[in-house]
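Scope of the values below: all heavy atoms of this structure, side chains included, with no hydrogens, waters or symmetry mates. Computed from a prediction, not measured in an experiment: that's the story for all the values here. A, B, ... follow the sequence lines: proteins, then strands. Residue 1 opens every chain.
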Amino acid sequence: MTDSVWILGIHMTNFGKHRDKDTLDLGAEAALGALADAGVGMRDIGVMASGNLIGNPGSGQLLQKQIGQTGIPVFNVSNACATGATALRVAIMAIKAGETDMGLAVGVEKLSGAGLLTGSSAKQPGDTWEREGRFGAVADLDGRVGTETMPGVFAQIGMEYGHRYGGADFELFASIAEKNHAHSTLNPKAAYQKRFTLEQIMNDVMIAYPNTRSMCSANCDGAAAAVVVSEAKLRTLAPEQQRRAVKVSASVLTSDPWQEACQVLPDINTLTRQAAQKAYELAGIGPEDLDLVELHDCFATAELVHYDNLGLCEPGNAVDFFKSGATWRDGRLPVNVSGGLESKGHPVSATGIANIWEIATHLRGEAGDRQIEGARVGLAHVIGLGSACGVHILERAA
Amino acid sequence: MTLVDYLSLDDAGEPRLVAHECTGCGARYFDRRNACAACFGQEFRPAEIAREGVLRTFTIVHFAAEGVAVPFVAGVVDYDGTPVRANVVNVPADPEHVTLGMKLRLTTVPVGTDKDGVDAVGYGFEPLDREDGR
């Protein structure tokens, strides 16, 4: 297939607190790292896509001033927690469309100390009641009509799975966090690299039952960037570049199809299922062919439902699948060997490229102590509420 | 005054939830819509939601935005196939008292009084079998 797109270079900064670096420093570190890893320079890049939610608008152009202004088109993208995957997808699409043969995608976020992501703080009732917005509300609805906090929303998503299939209780969700924290101890780039016992996790500060603090993704700073290249161009490059290149066998982005239930509680399931199904079709493989998966464990309650959504287990069987030990790093299908968002951290716009970096690093055999031996095929998944779901399937160069 | 425009009180003060129902496909929405997200139709009619339902999912929120009282129970109740979002009220906010699948009914919750002395009333779900037998 000559129209495949490949990852030529990719880089992820350490995730954590970067007090001495701003958004541009982190974005530049990731972008320059990806270019160096690819063995190319900004003159080779024909398109750039950039994601950053918290910083100044026009992050791509601001970043160019730090890494090289060459006049190429810049797409500044925004898709909640799927922003990084969206940036990558845009660069891939430009190559698929034949507009250029090499592109750069960057995602960066400074989130240390951001605290609970709730939207806005609650507005208290005013002097006189006045209806506002599409619900004709006289006061803020967060806390009065359910919750808008992310830990609470995702807690309900996990509990709903438990309601439907049974077996998903507090201890099970905490066990998922136990796995991811254990995995993180082998990842020097993770924001937190500490193992917790199940008891410590369950007795941690309760945020939104059943999610305790150590079952929630960690706000932190970080960036990731990737250089993608057309297959035709790749074949003109050095043997070493070709050997380390990672094939993008599928790049899929979906949004919510209409569902009755998604009108009141975000439905992260249907669009993930559709994205996964399409990705498997495009890649010509099935979930049984995967050697590792990085999925969007923004909360421990979310990881469980995505086992099912991504087809890693039989429908309705996610609890038994997890209990079998399959998703531990020595299991049948390791999930989130990076430590996942719960310990690696979740600098929102960087996440959708950082999970690609993790997969690519294993496929290249460069993951050091946490290498999944012989990994040939991996899947990276992110979801941003609203919703946007990105699924990428990656394969090692033959 | 009700908290939201899809909540109304009947003559006896009992709460009713009225959705916008698409005349084309029957999809229901609590917020104002320009067109139906399911079938793209542009006509809606009012549809009253059943007052008793089953708790499909919940969380107990301990950390929330400033000004939101915690802990509280947030959930989604299935009313004859129509999911409704609200707080579960008149029950201790702990997993021993709130369980998936429990039966709930619609009730009112005070929101506050404005400077003209007008009370605003919100809604929540309460257990059908309240321990105090109310």
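Heavy-atom distances place no part of A:V153 under 4.5 Å from chain B, backbone and side chain included. No part of B:L7 comes within reach of chain A, as not one of its non-hydrogen atoms sits under 4.5 angstrom from that chain. Only the side chain of B:F72 comes within less than 4.5 Å of a heavy atom in chain A; its backbone stays farther off. If you measure heavy-atom distances from B:N34 to chain A, the contacts under 4.5 Å come from both the backbone and the side chain.
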Query raised in the report: Run the side-chain contact (heavy atoms from CB on, under 4.5 Å) check on A:D140 and B:V68 step by step: do they pass?
Result: CA-CA 10 Å; A:D140 272 1; B:V68 174; over 6 Å; no

Report task. Show the numbers, then the answer: is there a side-chain contact (heavy atoms from CB on, under 4.5 Å) between B:T59 and A:T147? Result -> CA-CA 9 Å; B:T59 181; A:T147 181; 4.0 Å; yes

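Of the listed residues B:A69, B:C36, B:P95, B:A93, the one with more heavy-atom pairs under 4.5 angstrom with chain A than any other is B:P95. Ranked by non-hydrogen atom pairs under 4.5 Å with chain A, the options B:A86, B:A38, B:G124, B:A37 are led by B:A38. Between chain A and the residues B:A27, B:A120, B:G122, B:P71, the largest count of heavy-atom pairs under 4.5 Å involves B:A120.
Between the A:W129 side chain and the B:V118 main chain, a donor and an acceptor come within less than 3.5 Å of each other.
Separating the CZ atom in A:F135 from the CZ atom in B:F30 is a distance of 9.0 Å, to the nearest 0.5 Å. The CG atom of A:N211 sits 11.0 Å away from atom NE2 of B:H62, with the distance rounded to the nearest 0.5 Å.
In this structure, A:I157 and B:T57 have side chains that are not in contact, with every pair of non-hydrogen atoms separated by 4.5 Å or more. Looking at A:Y209 and B:V61, their side chains never come closer than 4.5 Å, going by heavy atoms from C-beta outward. Taking 4.5 Å as the limit, some side-chain heavy atom of A:M159 sits within range of a side-chain heavy atom of B:F58.
With salt bridges taken as basic N to acidic carboxylate O contacts below 4.0 Å, one links B:R56 and A:E160.
Listed here is the closest heavy atom pair of A:H163 and B:L100: N-CD1, 3.6 Å. The two residues A:V264 and B:R85 make their nearest non-hydrogen contact at O-CD, 3.2 Å. In terms of heavy-atom proximity, B:A74 sits nearest to A:G146 at CB-CA, 3.6 Å. Annotation for B:Y123 and A:V145: closest pair OH-CG1, 3.3 Å, computed over non-hydrogen atoms. B:A65 and A:D142 make their closest contact through CB-OD2, 4.2 Å (heavy atoms, listed as atom of the first residue, atom of the second, distance). Heavy atoms only, all atoms of each residue included: B:N87 and A:G143 are closest at ND2-O, 2.6 Å.
Judged purely by distance below 3.5 Å, without hydrogens or angles, the side chains of B:T2 and A:R131 pair a donor atom with an acceptor atom. A side-chain N or O of A:Q263 and one of B:R33 form a donor-acceptor pair less than 3.5 Å apart.
Between B:Y29 and A:W258, the ring planes lie perpendicular to each other; the angle is over 60°, past the 30° to 60° tilted range.
The local environment of CD in A:Q274 is crowded, with over 12 non-hydrogen atoms from other residues, nucleotides or ligands closer than 6.0 Å. Atom CG of B:D116 has more than 12 neighbouring heavy atoms from other residues, nucleotides or ligands inside a 6.0 Å radius. For CD of B:E48, the number of neighbouring non-hydrogen atoms (other residues, nucleotides, ligands) closer than 6.0 Å is greater than 12.
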